[in-house]
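Each chain gets a letter, A, B and so on, in the order its sequence line appears, and its residues count up from 1.
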2 protein chains.
Amino acid sequence: MGTQSASKPRLRVLLGAAIAMGPGKADLLDAIAKTGSISKAAREMGMSYRRAWLLVDAMNASFKEPLVGAARGGKGGGGARLTAFGAEALSRYRAMEEHASQALAEEMAEFTKMLRDQDARPDA
Amino acid sequence: MGTQSASKPRLRVLLGAAIAMGPGKADLLDAIAKTGSISKAAREMGMSYRRAWLLVDAMNASFKEPLVGAARGGKGGGGARLTAFGAEALSRYRAMEEHASQALAEEMAEFTKMLRDQDARPDA
DNA sequence: TCGCGTTATATCTGCTTGAATACAACCAGG
DNA sequence: CCTGGTTGTATTCAAGCAGATATAACGCGA
């Protein structure tokens, strides 16, 4: 109700120093699955194609098998789609996010009360 | 068993857009509580005083009350310690970490199996 | 009164990050 | 054969970040 900020906690899976999977990458995978293209997904998410490609490349390198398969040329110029392995990784990640959200909901609400209202910042 | 991979994948819980609290900040609060000084804590953690101070400043600004109280001059030149509010925030965060770890342990183990072994990287 | 160790702040610089741009490689379809 | 839209790569440039350095403010103790 009202203007409750509500933002659910999100997860980030850190491999070493690198981020193997996180909110941004998961959303990108969703967009690729939906659009069938890295470039379309990038445009839809408002990021540069280069950035999207780098993220895909990093994910494919972080996992034992590629999460995204891409092809150039052909009908429509080419395209990209999730591999079965990629779909499973995404599904597992979303499930973890959901379970974390459920498990921490109450504590998060309490913790949030200790935070400042976040808007109304003096200058920076 | 045997050569169990050195650093296991870690999890980070994101609160809002800005990271009000995370593993690094929590460890810093621990170090401040232990050493009684921002500079000693920074040295112990191998980070610059500037970085430690910025983190403390960000935390004090993110919460409704400061987590760290500091004083200059006086015995030993000054010092810093956790406020009661800060101790509570840290305690709550650690509890959330623990509960998340318990709730996601099995899923995390399964997810980790999908990750590459992280060492043996070609070049970069 | 002076020194000491710390907090707090300012400045500079190298490094990393990201956007922008350009372009080659590719291949189904007309 | 040629076009179209995409993947993949290289290059350049601006902005932000992190480290190093320097210094002022401070107050207790010698």
Next on the checklist: Please give me every residue in residues 46-55 of chain A whose heavy atoms get under 4.0 Å of an atom in DNA chain D, ordered by residue number.
Outcome noted: A:Tyr49, A:Arg50, A:Trp53
Checklist entry - With under 30° as parallel and over 60° as perpendicular, where do the rings of B:Phe63 and A:Phe111 fit, or are they tilted in between? => result perpendicular
Mind checking whether [X] and [Y] have side chains closer than 4.5 Å, heavy atoms only?
X        : Y        : result
B:Leu55  : B:Met47  : yes
A:Lys25  : A:Leu67  : no
B:Glu65  : A:Met114 : no
B:Thr83  : B:Glu88  : no
B:Glu106 : B:Glu110 : no
A:Asp27  : A:Met45  : yes

Checklist entry - With no hydrogens and no angle check, is any side-chain donor or acceptor of A:Arg116 less than 3.5 Å from a backbone partner on B:Ala61? => result yes
Next on the checklist: Using a 3.5 Å distance criterion without hydrogens, assess whether the side chain of B:Arg81 forms a donor-acceptor pair with backbone atoms of B:Val68.
Outcome noted: no
Checklist outcome for this item: Nt span of DNA chain D in reach of chain B heavy atoms at under 4.0 Å, 5' end first, is D:dA18 to D:dC28
Is there any protein nitrogen or oxygen under 3.5 Å from a nitrogen or oxygen in nucleotides 27-30 of chain C, and what are the pairs?
{"from": "C:dC27", "atom 1": "O4'", "to": "A:Gly74", "atom 2": "N", "distance (Å)": "3.1"}
{"from": "C:dC27", "atom 1": "O2", "to": "A:Gly74", "atom 2": "N", "distance (Å)": "2.9"}
{"from": "C:dA28", "atom 1": "O4'", "to": "A:Lys75", "atom 2": "N", "distance (Å)": "3.3"}

Next on the checklist: Side chains of A:Ser37 and A:Thr35: any donor to acceptor distance under 3.5 Å?
Outcome noted: no
